[in-house]
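Everything below concerns the one structure shown next.
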Number of protein chains: 2
Amino acid sequence: MKRPTMKDVARAAGVSPMTVSRAVSGEPGVSPGTAARVEQAVRQLGYQRNDNARNLRRKNPGTSTIGLVVDDLANPFYALMARSVEDEAHRRGCLVLVGSTNDEPRREREVIAAFTARQVDGLLLVPTIGGHGFLKQPMEGGTRVVCVDRPAKGLAVDTVTVDNRAGAERAVRHLLAQGHTRIAYLGDRFGIWTQRERHAGYRDALAAHGIPEDPALVRHDLRSRSDAAAALAALRALPGPPTALFTTNDVITMGVMGALGPADRVDVVGFDDFPLADRLSPPLSVVSQDPVALGATAAHLLFSRIDGDRSAPRSVVLLTRLIVRGPGQHDS
Amino acid sequence: MKRPTMKDVARAAGVSPMTVSRAVSGEPGVSPGTAARVEQAVRQLGYQRNDNARNLRRKNPGTSTIGLVVDDLANPFYALMARSVEDEAHRRGCLVLVGSTNDEPRREREVIAAFTARQVDGLLLVPTIGGHGFLKQPMEGGTRVVCVDRPAKGLAVDTVTVDNRAGAERAVRHLLAQGHTRIAYLGDRFGIWTQRERHAGYRDALAAHGIPEDPALVRHDLRSRSDAAAALAALRALPGPPTALFTTNDVITMGVMGALGPADRVDVVGFDDFPLADRLSPPLSVVSQDPVALGATAAHLLFSRIDGDRSAPRSVVLLTRLIVRGPGQHDS
DNA sequence: GTCCGGCTTGGTAACGTTCCCATTCTCAAC
DNA sequence: GTTGAGAATGGGAACGTTACCAAGCCGGAC
């Protein structure tokens, strides 16, 4: 019923618990014969080492566990990132605790508190819009933190992002080059850093063409596909409807594309690529970012911190790629 | 540098560690004044309880951690399931360790061993094609196991699946009703239980119409979108090419749809719905299953087992829904 | 004054493991 | 025969926490 312990194995093998510890952990200083007897007892009892107790006692600190905190694990973008992080962790013999925040600072705090209480070696964090002062204490206690996708306000840690502003600017510039002047912006919460950056890129491109931003064409706070579809309907009901759309994440893009038909003559550029995006009509151009690279880069940074890198925090910016589909097609 | 412990808090508050323990865990028997002093010391030192040490000592066994083992966390289907599981766990104050197996029995063993070594209370498992005898020992040790999406061969545990065979049969019956007789089957590894079931459903439908299965139209082992696209190309190069396709998971469906153009006159039904599947051409009908319900149901089962339910293993089968798109459109 | 019950508090041991050191043994070299 | 080096093994303490029980204190009832 109860799990066997080293003491049980020791009794069965006729040695001391200490010897079992050494044998099970593959440490030197155990004769082959003893090792065999121990292994036999281990198999017979179905013994497995309790790694929690182990991590408690070990001098070499560390639990070989990291926490991954994302906005929403179900979002394909974060799902790809999570998988990539998990692969890196697995390669290193490290486990991954996951948590979704829903962009709620309260839930973020809860999840992170639960993770640090379990003594994770590090946190890979897609920070919410809330403050992150509460991370100072765990960080002084040795928990390493790396931010992905967005920086955390007032937190000096490694951060991996993409060139959101430049990517958005290039996307809108492409639409301007197609002759559009009424380009709508459909975005998520303005509080989210990526959204502010992408909005800035949108304004950059308009400004470069001397076009003033039309507030009626700018919609923020779209949290779901249906929000996006509703915003699109409202935009098209305007006296001067937009002739092109810039959507700032995959969810919004999907909401918009779901509401458009093949007959609709609107040019759309969306942030984030997704499967079969190239098979839609009207054609959908995208600013593509690589969530796998994002996750892997962040994981590498985190692990090098865990391994003792104490240099100044780094900020890594990965590049996006504009993929043009439909008329005017050429990559850039 | 080092994390403060209860002893440190006790010293700072001028009480014993035992009192700190009670205060921090919100147990009764601490006077309001003492509780306030302890809380003050906790805040001042930035103390956080070490839950690993706690779980080691507690009589009430359990680490409030479960392990989720899926085929591939990046697959949208499993991503949705994972999110749903995480939500249930969060509601219960439980953490989730995740691992992907890639359908490799070796990696599955590694991941599960690492999870049980951390004393997880339960495992939510999408089993690989390998055997699962190695789970007997941890289960006797108290680790509860629930299988999702597929059963594990020779393992008497709760299992949550969908009606794969009936769903596939209905899908192919729909194609037959459209007048097709040459219906190709494009599937993943035959070793995977869901794939065998879906293949059986495909045969059921053909048999009911007195149509013999044509081995040339049946392709197994498609592991990626490009595998599926290649298989489609080969099928279309046949002397008697298929006029309709049945694809048995989202990846294969995407591979096929990515290779088809709007001009192609082929009827396609795929297992698994996905975003914007309704906006493709040729139109794509799907057998839709609900990964969120799958995850939530499995999580509920697991938690009731963890809470002490010792009844005989249950098998829950959720229903799929055929969503017909294009000609002959009507749900069922 | 004695006794009792309730409330608060603390001391000690233990969870399962590993660190640190001491002990034993073997074999070779002087 | 003594010494010593090296390998194998074990004993005790400790990691940070909680279970268990004992002790102190207070007020009230007899």
Side-chain angles (χ1 to χ4, degrees), chain A residues 1-39 41-42 45-64 116-121 138 141-142, chain B residues 1-39 41-42 45-64 116-121 138 141-142:
Chain A
M1 196 61 223
K2 255 179 85 55
R3 257 167 237 255
T5 72
M6 277 194 175
K7 224 181 273 184
D8 301 319
V9 177
R11 195 164 18 232
V15 296
S16 80
M18 198 52 239
T19 301
V20 176
S21 172
R22 281 190 270 256
V24 167
S25 300
E27 277 175 30
V30 180
S31 75
T34 312
R37 287 217 319 287
V38 169
E39 202 194 339
V42 163
L45 297 179
Y47 169 76
Q48 193 183 18
R49 187 177 58 197
N50 181 334
D51 278 356
N52 285 343
R54 174 171 214 235
N55 291 330
L56 181 60
R57 186 60 183 93
R58 269 155 78 81
K59 269 295 174 294
N60 171 6
T63 54
S64 291
T116 53
R118 297 295 200 296
Q119 314 293 110
V120 293
D121 296 336
Chain B
M1 195 63 221
K2 255 179 83 62
R3 256 167 237 257
T5 73
M6 278 193 173
K7 223 180 274 184
D8 301 318
V9 177
R11 193 164 19 229
V15 297
S16 79
M18 198 54 238
T19 301
V20 177
S21 171
R22 279 189 273 254
V24 168
S25 301
E27 277 175 29
V30 180
S31 75
T34 311
R37 286 217 318 289
V38 169
E39 203 194 338
V42 162
L45 298 180
Y47 170 76
Q48 194 183 20
R49 188 177 57 198
N50 181 333
D51 277 357
N52 284 342
R54 173 170 214 237
N55 291 329
L56 181 60
R57 186 61 183 92
R58 268 156 77 81
K59 269 294 173 296
N60 171 7
T63 54
S64 290
T116 54
R118 297 294 200 298
Q119 314 293 109
V120 293
D121 295 338

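What's counted below: heavy atoms across the whole structure, side chains too, no hydrogens, waters or symmetry copies. First the proteins, then the strands, lettered A, B, ... as listed; each starts at 1.
B:M6 places its CE atom 15 Å from the P atom of D:dC15, with the value rounded to the nearest Å. Rounded to an integer number of Å, the gap from A:R58 CZ to D:dG16 P is 15 Å. The distance between atom CG of A:N52 and atom C1' of D:dT17, rounded to the nearest whole Å, is 13 Å. Computed from coordinates, the B:L56 CG to D:dA14 C1' distance equals 13 Å when rounded to whole Å. In this structure, CZ of A:R57 is placed 12 Å from P of D:dA13, rounded to the nearest angstrom. If you take CG of A:N50 and P of D:dG16, they are 16 Å apart, rounded to a whole angstrom. In this structure, CZ of B:R3 is placed 15 Å from C1' of D:dT17, rounded to the nearest angstrom.
Taking every side-chain heavy atom of A:M18 into account, D:dG11 is the closest of D:dG16, D:dA13, D:dG11.
Not a single donor-acceptor pair under 3.5 Å links the side chain of A:T34 to the backbone N or O of A:V30. B:T5 places a side-chain N or O within 3.5 Å of a backbone atom of B:K7 that can act as its donor or acceptor partner.
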Mind running side-chain contact (heavy atoms from CB on, under 4.5 Å) on B:Q119 and B:N55 for me, showing each step along the way?
CA-CA 9 Å; B:Q119 314 293 109; B:N55 291 329; over 6 Å; no
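Within the nucleic acid shown, B:R22 comes within 4.0 Å of at least one base atom, counting heavy atoms only.
Between A:P28 and A:P17, the residue anchored nearer the 5' end of DNA chain D, judged by the nucleotide with its closest heavy atom, is A:P28.
With a 4.5 Å cut-off on side-chain heavy atoms, A:V9 and A:L45 count as touching.
Extent of DNA chain C lying under 4.0 Å from chain A heavy atoms, first and last nucleotide in 5' to 3' order, is C:dG16 to C:dC19.
When the side-chain nitrogen and oxygen atoms of B:S21 are compared with OP1 and OP2 of D:dG16, none of them lie within a distance under 4.0 Å. Note on A:S16: a side-chain N or O is less than 4.0 Å away from OP1 or OP2 of D:dG10.
Counted by atom type alone, B:R118 and A:T63 present zero donor-acceptor pairs between their side chains at under 3.5 Å.
Counted within 6.0 Å of CD on A:Q48, heavy atoms from surrounding residues, nucleotides or ligands total more than 12; the atom is thus considered enclosed.
Separating the CZ atom in B:R57 from the CG atom in A:L56 is a distance of 12.5 Å, to the nearest 0.5 Å.
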